[in-house]
Amino acid sequence: MLGHVGIEAVLEQLKIKAMKMGFEFNIMVVGQSGLGKSTMVNTLFKSKMWKSTLPGLGVPMPQTLQLQSVTHIIEENGVKLKLTVTDTPGFGDQINNDKCLRPLDIEFLQRLCRTVNVVPVIARADSLTIEEREAFRRRIQHDLRAHCIEVYPQKCFDEDINDRILNSKIRDRIPFAVVGADQEHLVNGRCVLGRKTKWGIIEVENMAHCEFPLLRDLLIRSHLQDLKDITHNVHYENYRVFRLNQSHA
Ligand code: GDP
Ligand code: MG
């Protein structure tokens, strides 16, 4: 009997509708000043996937003093993705937090995780040795667990065994150790995004150099719809209920 329901036809309609409407996705980058947030925003937009469709973004970024959103419409196979990335001024810069940065980070992350999906990264990973990256990653994973900070992808939203297998691999690699760069260089005849040093070029899209490709794939390839669904069904719903309760109180 199932054949009569016409599920195939519904799926086809959903696909056509999604292709017509395109996708929208918003990302906000937060963290201390000088960590490389603005550079990372540029890196995301300039990364290989849609390099050819974007106008030049070669202007150097001034220090970010206010919230600043940049939107680009990225088109792939006729489907549009409207990607908006919001860059923020340094978090916690205004307070003297020489000795209390860790508690500030923890408090901030605890609140943030209840409001949005949080994907932590280790910025400027080129300044750490391989061992330091790994040790730092483990320490952050431990701290997140110890303080019950549930970053994305949250365990409680794994829907089946496949989600669990895929997401536990991601959870094991988070926070990704990333490098940002908005300059292109010629390496073996290829044009690559990277940071030029005296020792060679650190390529942001080379997995042997850093984990930027994992971050990009998670955000705008493999988990884009899931990130939006959780934002809408969980975070926004919590906010809506909170505001409704407030207005009734
Ligand atoms: P923001 O204050 O967090 O927005 O940081 P910016 O993006 O303005 O970067 C601050 C400085 O760090 C600039 O000189 C960047 O060139 C540099 N920078 C950004 N990303 C990286 C990175 O991945 N590695 C290194 N070594 N430097 C970086
Ligand atoms: Mg900035």
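This structure is a prediction, so every number in the text was calculated from the model and none was measured. We count ligands from 1, going down the list as the structure has it; atoms in each ligand are counted the same way.
Under the 3.5 Å distance criterion, with hydrogens and angles disregarded, no donor-acceptor pair is assigned to the side chains of Thr43 and Asp182.
Near Lys37, with a cut-off below 4.0 Å to any heavy atom, the atoms of ligand 1 are 1 (P), 2 (O), 3 (O), 4 (O), 5 (O), 7 (O). Every atom of ligand 1 with a heavy atom of Asp126 under 4.0 Å away is listed here by number and element: 22 (C), 23 (O), 24 (N), 25 (C), 26 (N). Each of the atoms 2 (O) of ligand 1 lies under 4.0 Å from some heavy atom of Ser33. Ligand 1 places these atoms under 4.0 Å from at least one heavy atom of Val179: 23 (O). Every atom of ligand 1 is numbered from 1 in the order shown, and the set under 4.0 Å from a heavy atom of Gly180 is 20 (N), 21 (C), 22 (C), 23 (O).
Interatomic distance, Phe176 CZ to Leu214 CG, rounded to the nearest 0.5 Å: 5.0 Å.
Taking a 4.5 Å side-chain heavy-atom cut-off between Ile, Leu, Val, Met, Phe, Trp and Tyr, the cluster of Ile161 extends to Ile165.
Ligand 1 lies less than 4.0 angstrom from a heavy atom belonging to Gly34. Contact annotation: Gln32 has at least one heavy atom less than 4.0 Å from an atom of ligand 1.
Scanning all heavy atoms of the two residues, the minimum distance from Thr88 to Lys37 falls at O-CE, 3.3 Å.
Between Val79 and the options Lys20, Lys15, Met19, a side-chain contact (heavy atoms from CB on, under 4.5 Å) holds for only Met19.
Residue Val178 has no N or O atom closer than 3.5 Å to an N or O atom of ligand 1.
In this structure, Arg133 contributes its side chain and Ala177 its backbone to no donor-acceptor pair below 3.5 Å.
Among the backbone and side-chain atoms of Ser38, an N/O/S atom is found under 2.8 Å from the Mg ion (ligand 2).
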